[in-house]
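Here the structure is laid out as structure tokens; the discussion comes afterwards.
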Amino acid sequence: EAVELAEQARRDAGLEVTDAAEGPLPETDDDVRPEHTARFYALVERQLRLSAERPELALEPRQIVRRRALRIAGVALAAIALIGAVALVARGPRSLKARASAAWDSRYAAANAVDGDEGTDWLLPDKSPGWIEVEIVPPRKLDHLRVMNARNGNYADRSTGQFHVEAFDGAKLVKSFDDHFDGYSPTPTWRTLSLGGARVDRVRIEVRSWFVGGGGFAEIRVD
């Protein structure tokens, strides 16, 4: 409607847009002439067209402040997400890698103790001591070491008795303690041992005694 009024005012005054947009302003109401009216509506028309092309120019101050705050917050969140993604890529996925002094045979390798499957065992050779070492990837602060005793599936003839634990941060020994299982069980439960929030990159567990045919573990986990 403002555009139509501006065009009509210019027609009535016989003015072009450039004519209406230039010249001095009237000082009093008595000085207002048709070309001034045309100039007013021409300016309104230009403002409306500019607002349509640049919507942000029509915002009120509080809307501008709010939009700016949202933009800054969006940039900050994007930066935090990027930093987190970079950290994850640099750190890589969390995993446990195991090796051992020996295994009964290839079906009972050290990897069985960190595969997430409670039905698989790492087993030592018949009636012999030995150790399993778990690498923590990446190294990090840990509260607990959790171990589940072996049972050797359907044979039900192997489990650990006394064992010794050592936790390392590089070459530094940060935790060392002894523990034991009370006997063989066909359904062993988790035993939770405290690491006290120490930074750990590997854990070694030495099997010092066993029940029935030999020792081993079903699972080893950290958190």
Path from [X] to [Y] over hydrophobic side-chain contacts below 4.5 Å:
| X | Y | value |
| --- | --- | --- |
| Phe177 | Ile220 | yes |
| Trp104 | Trp210 | no |
| Val114 | Ile136 | yes |

Under a 4.0 Å N-O cut-off, is there an ion pair linking [X] with [Y]?
| X | Y | answer |
| --- | --- | --- |
| Arg140 | Asp201 | no |
| Arg204 | Glu166 | no |
| Glu219 | Arg221 | yes |
| Arg202 | Glu135 | no |

Under 3.5 Å, is there a donor-acceptor pair between the side chain of [X] and the main chain of [Y]?
| X | Y | answer |
| --- | --- | --- |
| Asp121 | Asn152 | yes |
| Asp179 | Leu193 | no |
| Thr160 | Gly216 | yes |
| Ser194 | His144 | no |

Check your understanding: Hey, which of Leu124, Asn149, Leu123 is the one that makes side chain to side chain contact (heavy atoms under 4.5 Å, CB included) with Arg158?
Key ->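 Per the side chain to side chain contact (heavy atoms under 4.5 Å, CB included) rule, the option paired with Arg158 is Leu123, out of Leu124, Asn149, Leu123.
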Revision key, fill the gap. Side chain to side chain contact (heavy atoms under 4.5 Å, CB included) with Leu96: of Asp115, Val137, Val134, only one passes, and it is Val134
**Study point:** Steps toward side-chain contact (heavy atoms from CB on, under 4.5 Å) verdict (Val147, Trp190)
**Key:** CA-CA 6 Å; Val147 295; Trp190 288 100; 5.6 Å; no
Practice item. Measure the CG-CZ distance between Asp223 and Arg94 for me, rounded to the nearest 0.5 Å. Key: 10.0 Å
Does the side chain of [X] reach to within under 4.5 Å of the side chain of [Y], using non-hydrogen atoms?
| X | Y | result |
| --- | --- | --- |
| Val200 | Asp169 | no |
| Val165 | Phe163 | yes |
| Arg199 | Pro139 | yes |
| Leu195 | Asp143 | no |
| His164 | Ser176 | yes |
| Ser185 | Arg151 | no |
| Met148 | Pro188 | yes |

Point to revise | Within the 6.0 Å centroid threshold, strictly below: Phe211 and Phe181 | key: no
Review point. Hey, what's the ring geometry for Trp122 with Phe217, parallel, tilted or perpendicular (30° and 60° as the breaks)?
Key: parallel
Closest heavy-atom pair and its distance - [X], [Y]:
| X | Y | value |
| --- | --- | --- |
| Leu173 | Ala167 | CD1-O, 3.5 Å |
| Ala150 | Ser159 | O-CB, 3.2 Å |
| Ala110 | Ala98 | O-CB, 3.6 Å |

Exercise for review: Would you tell me whether His180 and Asp178 have side-chain atoms, one donor and one acceptor, within less than 3.5 Å of each other?
Suggested key: no
**Study point:** Heavy-atom neighbours of Asn154 CG exceed 12 at 6.0 Å
**Key:**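 No, not enclosed.
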